[in-house]
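Below: one structure, written as structure tokens.
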Amino acid sequence: MKYQIMIKILMLLLSKRKVCAREIAAKYDISVRSVYRYVEELIVSGIPVDVTRGRYGGISIADTFRLPAGYFTRDEYSASINALKAMASQVNDENILSALEKLQRQSKAESRDFTVSGGIIVDGGTWGDTRKFSDKMAVCEKAVNEGLCLDIDYISREGEHSRRIIDPHVLIFKQNVWYVYAFCHTKQDFRTFKIGRIKSARYTGKSFEKKKISREDIPLNFYYRSDELVDVKFEIEKQKLPDVEEWIGIDNIEPRGNAFIAELSLPDDDILVNKILSFGGGVKILSPESLREKVKLAAAKIIETV
């Protein structure tokens with residue numbers, strides 16, 4: 001009985017996205033205390049449910065959350081919906097209509113394309129991704145287009161969790177990574193958030209008026225100051241050229257004699273060292289010497305552990 005009610009609460013949240021504890025208690029004939037206990041178990045199981053106390057509070061689920069793709073196959077969705085439609089036409093039952101609505105909502109979510117701004121197809125997730133990234137993109141896109149405030153759970157580069165209320169103004173695509181440029185209510189200033197670092201996002205129900213922003217207003221270096229960048233010069237082997245082009249872009253590479261040379265500024269950190277190592281000797285560091293030494297030390301550590 002307990003788990004049946006938990007599943008019903010989950011399906012109700014997926015349908016309405018936000019509901020008060022008293023409504024759930026009345027609907028399933030349980031106490032408000034039991035509602036909060038079941039919700040706590042949903043949270044522990046990894047479902048992004050949020051409880052807000054107070055007059056305008058309630059129990060809500062992140063707008064980025066969807067049931068796993070394997071919950072129903074596409075054919076099972078269709079068969080279930082068709083069966084429920086047939087039953088609904090013959091029997092006037094609220095439970096059947098409610099189940100039909102929930103399945104249709106989920107079915108639409110599963111069949112949604114990876115699209116942003118109409119003609120752009122986006123799938124920024126990793127191979128084997130369960131469309132979680134695309135769901136976050138869709139929520140951020142809608143927030144930008146319609147001026148909707150978002151409540152996000154954000155994980156920083158240092159691994160710190162923080163809850164932020166943001167007003168998303170612009171989506172940015174740079175170096176094969178998607179960001180959202182938004183006014184952060186916590187910092188009372190504009191910040192750039194990496195969409196891949198947003199764990200969950202939900203609409204707050206509030207809207208905002210967009211401020212006029214030009215490209216010059218947006219700090220496209222994001223996390224790096226000028227003194228954290230290093231001027232590099234690489235020589236690239238021909239067989240590694242396609243991979244390096246995807247990394248730094250073809251505009252930063254030019255042929256010189258029998259070699260391919262790249263000159264640009266990059267963040268001077270461990271990520272750069274690891275990226276160079278990933279090419280297995282296909283990228284030779286011509287300058288600076290300090291970067292060459294870092295790569296040598298990192299390679300030596302790898303050899304020691306083999």
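Since this is a predicted model, take the numbers as computed values, not measurements.
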Taking all atoms of both residues into account, what is the closest heavy-atom pair of [X] and [Y], and its distance?
| X | Y | value |
| --- | --- | --- |
| Pro288 | Val230 | CG-CG2, 3.7 Å |
| Phe279 | Lys275 | CD1-O, 3.2 Å |
| Ile302 | Thr305 | O-OG1, 2.8 Å |
| Leu148 | Pro168 | O-CD, 3.4 Å |
| Lys136 | Ile195 | NZ-O, 3.6 Å |

Tell me whether Arg202 contacts the main-chain N or O of Pro48 through its side chain, where contact means a donor paired with an acceptor under 3.5 Å.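 At least one qualifying donor-acceptor pair exists.
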
With no hydrogens and no angle check, is any side-chain donor or acceptor of Glu293 less than 3.5 Å from a backbone partner on Ser290?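 Looks like no, no N/O pair under 3.5 Å.
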
Charged N-O contact under 4.0 Å between Asp153 and Arg163: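 Salt bridge between Asp153 and Arg163, a charged N being under 4.0 Å from a carboxylate O: no.
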
Determine, for Lys294 against Asp268, whether the closest basic-nitrogen to carboxylate-oxygen distance falls under 4.0 angstrom.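 Counted as a salt bridge, because a side-chain N and a carboxylate O are separated by less than 4.0 Å.
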
Ring-plane angle category for Trp178 and Phe173, please: parallel below 30°, perpendicular beyond 60°, tilted otherwise.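 Rings of Trp178 and Phe173: tilted, as their planes differ by 30° to 60°.
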
Could you state whether Met6 and Val39 fall into the same hydrophobic cluster, counting links through intermediate Ile, Leu, Val, Met, Phe, Trp or Tyr residues with side-chain heavy atoms under 4.5 angstrom apart?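 Linked within one cluster.
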
Among Lys240, Glu254, Lys238, which residue meets the side chain to side chain contact (heavy atoms under 4.5 Å, CB included) test with Phe260?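 Going through Lys240, Glu254, Lys238 one by one, the side chain to side chain contact (heavy atoms under 4.5 Å, CB included) with Phe260 is satisfied by Lys238 alone.
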
Axial cation check for Tyr154 ring with Lys199, 6.0 Å and 45° limits: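 Ring-cation test returns no.
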
Determine whether the aromatic ring centres of residues Phe193 and Tyr179 are separated by less than 6.0 angstrom.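 Distance test on ring centres: not under 6.0 Å, no.
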
